[in-house]
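A short write-up of the structure that comes next.
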Amino acid sequence: MRSSEFSRWNDNDWLAPLCERQLIPADCIGALVVGSAARGWLNPRSDIDLYLVTTEEVSSDTGTLIPMSLNPPRVQSESFYYGGRRWEVTYWLERQVEQVLARVSWEEFGGETPAGFALGEREELLLARLGNCVPVLGADWVEEIQARLRDSAFRSFLVTRSLSSSDDAVEDAMGQLESGDLDSATLSARRALGFAVDALLESHGEYGSNIPKWRPQRLRAAQPDLLSFDQYWELETMRTYDAEDPGAWIRTILTLCQDISMRVEVS
Amino acid sequence: MTAEPIARALTPAHTPSRSLGVRIRRTRDGLLLGLEGDALLLSDSAEFIYRQLDGRTSITDLARRLSTEYLIDEHEAAVDTIELLDQLGELGLVQW
């Protein structure tokens with residue numbers, strides 16, 4: 001955790017606001033700071049997100065139930081304000097974490113629908129965040145889960161999905177270029193670039209492509225050899241786009257997408 | 001179109017590039033190029049050439065690099081390079 005008012009916080013500092021509100025169940029096996037707070041990407045309006053992992057389901061009159069495609073098909077969430085920020089605590093059951101990991105096994109990846117990976121957005125975000133969380137309770141449990149995540153097919157699922165999405169957008173752009181629809185081709189190329197960069201980042205273990213606002217930060221964190229931040233930002237902000245000749249910029253993007261496909265290993 | 005006429009049409013000065021829109025996947029087995037309903041797995045040396053098809057590098061330079069990388073004589077490298085480009089061109093995977 002860096003460059004925020006929390007950078008010097010110890011585990012107890014994080015747990016104290018939860019203890020005061022009796023939000024840590026006795027069977028809690030892990031408490032993790034996740035999201036922007038864990039990555040040091042907080043801005044003045046950012047929420048603080050924490051995941052608590054328990055063995056028994058939490059029941060509360062004040063919480064919010066969030067539907068999941070898991071058993072049980074929900075997680076509980078509690079929110080409060082502390083230190084001028086909104087804190088959101090999400091309770092995951094240990095067996096729900098196991099279920100999510102089971103869905104990204106190599107057996108699933110090699111199954112009948114290899115790219116159709118069966119995680120909802122929140123379940124995917126759980127795994128994405130587990131990879132970059134800061135444990136404040138249950139560090140051993142988190143370490144073991146992170147090792148299993150690294151050994152799973154999660155990365156391959158995501159890279160495959162992003163490359164497929166990029167390919168689809170490239171195909172759109174090519175067809176639109178051929179038909180002279182340069183406006184649509186420009187938008188398709190932009191989409192292709194986003195997906196291709198996501199694939200590149202996912203190949204470096206930088207997940208969370210469902211939240212594109214963090215793509216620049218993720219790229220800075222990953223520092224891939226293939227694409228420097230300056231190169232990416234020049235393309236993302238369309239600095240070399242010539243409205244009189246959009247085709248040149250579009251082809252540059254499509255070529256980069258192809259370069260990324262050649263370099264990123266899917267399995 | 002047969003392979004031979006295309007091979008004759010290629011000259012050492014040609015600067016081939018990869019066709020855009022080709023679906024490419026890097027797997028543990030190597031580089032896979034998508035064809036309609038099928039895929040082509042490139043050999044190491046074919047991938048070595050394919051990766052350098054940027055529309056600026058001439059066939060002469062490609063062959064020279066292949067010769068250096070795989071320690072084969074330049075003439076043999078040039079024949080191999082043209083043969084590969086000919087095949088990939090027929091499949092629509094490269095253009096010049």
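To find a chain, count down the sequence lines: A is the first, B the second, and so on, and within it residues start at 1. As a basis for the values below, the full set of heavy atoms in this structure was taken, side chains included, without hydrogen atoms, waters or symmetry mates.
The stretch residues 250-267 of chain A places Arg251(A), Leu254(A), Thr255(A), Gln258(A), Asp259(A), Ser261(A), Met262(A), Arg263(A), Val264(A), Glu265(A), Val266(A), Ser267(A) near chain B, each with some heavy atom under 4.5 Å from a heavy atom of that chain. Within residues 185-201 of chain A, no residue has a heavy atom under 4.5 Å from a heavy atom of chain B. Residues from residues 218-240 of chain A never place a non-hydrogen atom less than 4.5 Å from a non-hydrogen atom of chain B.
At a threshold of 4.5 Å between non-hydrogen side-chain atoms, the residues Asp167(A) and Arg25(B) count as touching.
For Asp168(A), the parts lying under 4.5 angstrom from a heavy atom of chain B are both the backbone and the side chain. For Leu31(B), the part sitting under 4.5 Å from any heavy atom of chain A is the side chain, from C-beta outward, and nothing else.
Interface remark: of the candidates Ile24(B), Asp54(B), Leu32(B), Ile24(B) forms the most heavy-atom pairs closer than 4.5 Å to chain A.
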Which donor-acceptor pairs under 3.5 Å do side chains of residues 139-151 of chain A form with protein atoms, sequence neighbours excluded?
residue	atom	partner	partner atom	Å
Glu144(A)	OE2	Arg148(A)	NH1	3.3
Gln146(A)	NE2	Leu130(A)	O	2.8
Arg148(A)	NH1	Glu98(A)	OE1	3.4
Arg148(A)	NH1	Glu98(A)	OE2	3.0
Arg148(A)	NH2	Glu98(A)	OE1	2.6

